[in-house]
Amino acid sequence: MNLILKIVFQRLGLGVLTLIAVSAVIFSAIQMLPGDFASAILGQSATPETVKAFQHQIGLDKPAVQRYWEWIGGVAHGDFGYSFSSAGSLGGGHDRAVSDIIVPRLKNTLILASLAAVVAVPCALLLGILAALYRNSFFDRFVNSFSLAWISFPEFFIAYILMLYLSVKFQFLPSLASVSNDSGIGDYLVKCALPAMTLVLVTLAHMMRMTRTALVNLMSTPYVEMARLKGASRFRLICLHALPNAWAPIANVIALNLAYLVVGVVIVENVFVYPGIGQLMVSAVASRDIPVVQACALIFAATYILLNLTADIIGIVTNPKLLHRR
Amino acid sequence: MRKPVFDEASPLLEVRDLRIEGQSDDSWHEIVKGVSFDLKRGEVLGLIGESGAGKSTIGLASIGYVRPGCRITSGQVRYKGIDLVSAKDRDKRALWGAELAYVAQSAAAAFNPAHRLIEQCQEPAVIHGERGEKKLRDRVIGLFQKLSLPQPEALGERYPHQLSGGQLQRVMTAMAMSCHPGLLIFDEPTTALDVTTQIEVLATIQQIVREFGVAAIYITHDLAVVSQVADRIIVLRYGEVVEEAPTTKMLSAPEAAYTKSLWAVRKLDKQEDLAAKPILHLRDVDAGYGNSIKILDKINLAVPRGRTVAVVGESGSGKSTLARTIMGLQPAFAGTIEFDGMELPLAFKQRSGLLHRRIQMIYQSPDTALNPRRRVRDILSRPLQRHLGLSGEARRQRVAELMSMVELNTRLLDRFPSELSGGEKQRVCIARALAVEPELIICDEVTSALDQIVAEGVLKLLLRLQQQIGITYIFITHDLATVRAISDWIVVMHRGEIVEQGPKSQIMTPPRHAYTELLFSSMPEMDPTWLPRVLRERQSAGIAQNVSAEMSM
Amino acid sequence: MIAEEKVMTISKVEGPAGTRQRRLWRHLKKAPLSAWIGIAIVLAYMAVALLAPWIAPHGETEVVGGQYDPWSDEFLLGTDQLGRDMLSRLIYGARNTISVALMTTSIAFVLGTGLGLLAATVGGWVDQLFSRVVDVIMAIPQLIFALLLLSIFGTSVVNLVLIIAVLDSTRLFRVSRSVALNVTVLDFVEAARLQGEGTIWIMVREILPNILAPIIAEFGMRFCFVFLTIAALSFLGLGIQPPTADWGSMVRENATLINYGDITPLLPAGAIALLTIGVNFIVDWFLHITSGLKE
């Protein structure tokens with residue numbers, strides 16, 4: 001057991017290190033800003049004084065390391081600094097904290113992503129297991145070719161097809177997911193339906209294919225053959241011999257696809273004008289509102305790292321060779 | 001299932017004109033071409049053949065199983081009158097594990113890493129509807145006891161990766177026996193094991209077939225091994241039966257030419273000759289991995305010029321590390337290596353191009369030792385150009401000369417390695433080593449990946465080259481027949497140390513060091529009485545206990 | 001063993017050397033329908049991209065009609081929000097979209113496989129350094145990282161190509177490094193070192209030819225990924241900038257038509273999907289034959 005704890009802690013430590021490195025990379029983005037950036041942000045009317053004041057406000061006159069510590073310290077308390085979009089009103093006291101902009105949108109994104117995950121993960125696992133069980137059958141071949149084509153579709157293609165048929169032609173669902181804080185659960189679900197469905201379709205094919213591959217690999221191991229030659233039924237082979245060894249690959253598949261979902265959110269939110277952080281990030285990039293972009297990037301990256309870390313740790317703690325040492 | 005009509009007098013297993021195809025490169029090729037044989041109750045049949053003979057495929061088909069990528073195209077396999085070829089999957093499942101059991105080559109891969117051994121050993125009985133945890137448990141522990149596995153009570157609680165390969169193999173035999181099957185298939189059960197472990201597993205298998213009177217098919221490529229357990233032997237080649245006879249007759253008077261050539265392989269014996277000055281001298285050499293993991297301890301060795309030194313040992317003895325240390329790939333931590341009167345830099349990188357040329361190495365597996373994307377001609381030309389500066393016509397001539405030295409047709413020069421057979425590939429490796437006119441060649445298990453007849457050809461070639469151009473060999477091997485065939489001086493290694501060394505005549509005959517004795521007496525001989533004799537001798541000498549103790553570590 | 005038996009049969013089937021073209025032809029003849037569809041799609045796209053100025057009825061940025069004109073004899077697929085011919089823009093879009101993606105993938109490929117190969121061959125601290133940097137870059141989702149960098153450097157085609165190429169080269173680095181590592185442990189690489197061969201020779205002559213198949217397949221997969229990423233960025237308005245005709249931006253520019261039940265904006269999206277399907281089908285088939293040969 002000690003060994004497992006040791007490996008888990010090592011892995012956690014590595015995760016923290018990665019997170020620090022990633023935050024440093026995201027932070028140093030501002031360092032790479034071209035010189036005329038301030039005037040670009042402030043527009044034509046910028047005077048040398050306002051530019052200077054702006055640079056002071058975003059702290060470009062302080063050493064980078066000091067600013068990094070201030071920034072990361074703030075982040076740890078949920079303070080991501082102030083949005084540039086209020087820079088025009090320097091000293092006017094209208095500074096908007098990035099966290100105030102992000103929090104409600106983060107909530108929306110999490111609702112959307114979990115809604116999609118709750119549907120996609122079980123469906124994909126089921127389809128993947130079925131395809132592996134009936135390997136080389138018509139069902140398997142069909143699902144295989146179909147999913148190969150499906151993963152080639154851009155997210156917005158799927159989104160617009162759904163929108164065209166489900167909302168414009170047959171008017172089952174609203175085409176815009178304009179939820180607000182006072183929307184009820186029912187309203188939320190109806191408005192989220194199309195974007196969630198798109199995300200489900202986007203991740204389903206990937207996840208299904210990977211589940212199938214993982215299981216097919218396990219089913220061709222000598223110990224599964226041995227169990228077959230003991231007279232074990234197909235059900236017994238899968239449940240008692242393949243599955244106990246499949247947690248690591250399956251956890252990996254799920255984590256990878258949830259991570260993929262995180263990225264898919266950016267596009268889908270923009271198609272359906274859903275007020276989540278994906279949409280926020282894109283508009284922040286367009287207006288070059290760097291603090292908001294940094295905050296969004298950090299949140300996405302942290303989620304991504306956390307998901308992969310979880311999969312790794314599941315793989316470690318379910319590994320029989322580590323669980324039962326010599 | 002229909003009640004089968006089965007006459008006690010008729011054979012337990014009848015295989016008739018069995019044909020099996022295997023799929024490769026999207027097309028089907030026949031790999032078993034009409035094989036027929038019978039097996040009586042309580043009889044043990046040995047299936048021997050070289051790689052590609054189809055022996056494993058036939059063994060599995062005898063219990064009605066074909067691996068994915070293979071299919072039975074015609075023929076019958078009748079077990080107690082039931083045709084397993086046409087039987088439904090459900091009917092076969094009722095037999096598998098209960099009546100028909102299988103022992104695989106690699107026990108480490110055939111046990112599920114997620115379950116305790118006892119659970120896996122009880123599984124056949126559980127699958128076939130037996131209930132009563134205590135009863136099943138006792139039965140398995142009883143089997144462990146009978147097979148004298150250490151700590152039979154506690155053993156089952158362990159997981160597969162917690163046991164050594166030899167013990168796992170014996171546990172797998174116990175697992176196969178847990179429902180007292182009528183037919184057991186042993187698929188190369190000792191091939192992956194060291195000789196001192198192999199003898200224990202062989203003893204277990206012999207005990208099982210004698211005491212339970214179970215019929216068995218024993219698949220192997222090793223004649224000496226099969227002659228210990230089989231009542232009757234079938235020799236296979238390219239999916240066809242070459243010869244079939246009772247074991248004693250097969251050993252004493254084989255009829256088919258192919259069988260005779262197989263038998264002749266183990267008879268090579270080089271005349272020992274040690275009258276030569278040393279070309280390589282190792283003094284107090286320590287070596288290992290990284291900076292701290294020491295594998296070789298105080299190695300002292302003198303290699304006479306133009307002669308062969310055989311380094312013998314089991315896996316983990318450090319014999320391959322010794323080869324790599326001499327080459328400078330794993331530089332020695334301490335000690336000196338002297339080559340032709342001058343001290344060698346210990347690391348390969350510090351040695352001159354001339355030294356690189358004078359010491360060459362040939363590898364165990366010719367498949368990985370040749371770049372699959374380069375033609376034979378390029379493989380041989382490159383060292384000629386680099387080290388000898390040959391080009392144009394001179395180089396072409398030298399390449400042709402090298403090919404004839406290793407007895408290969410120059411037609412093969414434009415082929416890729418994948419278009420050559422295993423023996424041809426190894427000959428190309430030898431030619432590549434010879435190209436730069438070396439004085440010392442280190443041969444690391446060069447024949448162990450080859451079939452016996454091919455291996456013999458390679459050994460003869462190496463011997464002839466030594467006579468013709470006086471090359472010195474250091475021959476790393478675990479096979480006694482190879483040692484006898486090629487060596488003048490023998491070095492026995494165990495756990496990184498040389499336990500004994502001396503002229504061949506001295507080492508090959510007792511008295512000798514205890515480990516040498518254990519190692520050499522564990523190498524199976526082509527004599528059906530060998531195993532009981534050795535076991536008896538060991539029992540009286542008390543060696544067997546030592547071996548068991550060592551293995552349970 | 002079955003594996004050995006298979007090797008035996010293969011070596012018997014294969015003829016003498018110099019049959020590589022014939023072998024390719026043999027594979028082509030046996031290729032599944034999906035592979036043929038893939039080849040046909042890719043060839044058709046290539047033709048359209050190369051011949052764009054001759055096929056397209058109107059110019060790329062030429063305003064020829066009214067805003068959002070419907071499908072008609074004159075404008076087969078109608079016009080866009082500025083009155084440009086949709087069909088012509090689709091055709092020019094093939095040229096722009098594919099060439100940008102291809103350029104990006106090529107840069108990523110050279111950078112990623114080159115460094116991956118070097119890291120695997122040299123090992124030691126070089127390998128450690130490259131691998132750790134790649135780990136950090138890959139810990140940020142690619143699209144997110146691209147958005148961050150685009151917000152810093154601004155949106156232009158050059159920035160887009162360079163940013164995506166650098167980010168994507170990390171995947172190619174990983175793949176080529178790991179397949180190359182599988183080869184470096186083989187005896188023939190050590191044999192070459194024992195012959196005193198240098199690093200460049202070992203990289204180019206010994207290792208590279210043996211990892212070509214998997215990294216070519218990876219090139220195909222990366223192309224699809226890059227193509228979709230650029231399309232996504234263009235769709236978000238952060239990729240290829242107007243007035244250049246590009247499929248991703250065309251979807252965005254004409255998206256409002258969806259609300260009137262018009263499928264025109266789906267056409268450029270469909271064009272992206274179809275090419276990706278084609279490439280994926282070819283890669284899938286290629287992987288199938290190369291893995292089949294190794295068995």
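Here is the naming used below: chain letters follow the sequence lines, and residue numbers restart at 1 for every chain.
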Do the rings of C:Phe227 and C:Trp247 sit parallel, tilted or perpendicular, given the 30° and 60° boundaries? perpendicular

Quick one: sort the A:Phe27 and A:Trp71 rings into parallel, tilted or perpendicular, breaks at 30° and 60°. tilted

Against chain A, work out which of [options] has the most heavy-atom pairs shorter than 4.5 Å and name it.
options	result
C:Cys224, C:Ala139, C:Gly278	C:Ala139
C:Leu266, C:Ile137, C:Leu150	C:Leu266
C:Leu149, C:Asp262, C:Ile140	C:Ile140
C:Thr155, C:Leu228, C:Ile258	C:Ile258
C:Val279, C:Leu147, C:Ile272	C:Leu147

When the 4.5 angstrom heavy-atom criterion is applied to C:Met138 and chain A, the contacting part is backbone

CZ (A:Phe139) with more than 12 external heavy atoms under 6.0 Å: yes

Below 4.5 Å, heavy-atom pairs only: which of [options] has the largest tally toward chain C?
options	value
A:Phe153, A:Phe156, A:Tyr165	A:Phe156
A:Thr18, A:Val271, A:Leu148	A:Leu148
A:Leu19, A:Ile151, A:Val262, A:Ile267	A:Ile267
A:Ser167, A:Pro154, A:Ala21	A:Pro154

Is there a donor-acceptor pair under 3.5 Å between the side chain of C:Asn96 and the backbone N or O of C:Asp246? no

Donor-acceptor check, side chain of C:Glu253 to backbone of C:Val251, threshold 3.5 angstrom: yes or no? no

Quiz question: by atom type and distance under 3.5 Å, do the side chains of A:Thr109 and A:Tyr274 form a donor-acceptor pair? no

Test applied, side-chain hydrogen bond (donor to acceptor under 3.5 Å, both in side chains); reference residue, C:Arg222; option that passes from C:Thr104, C:Thr105, C:Asp168: C:Asp168

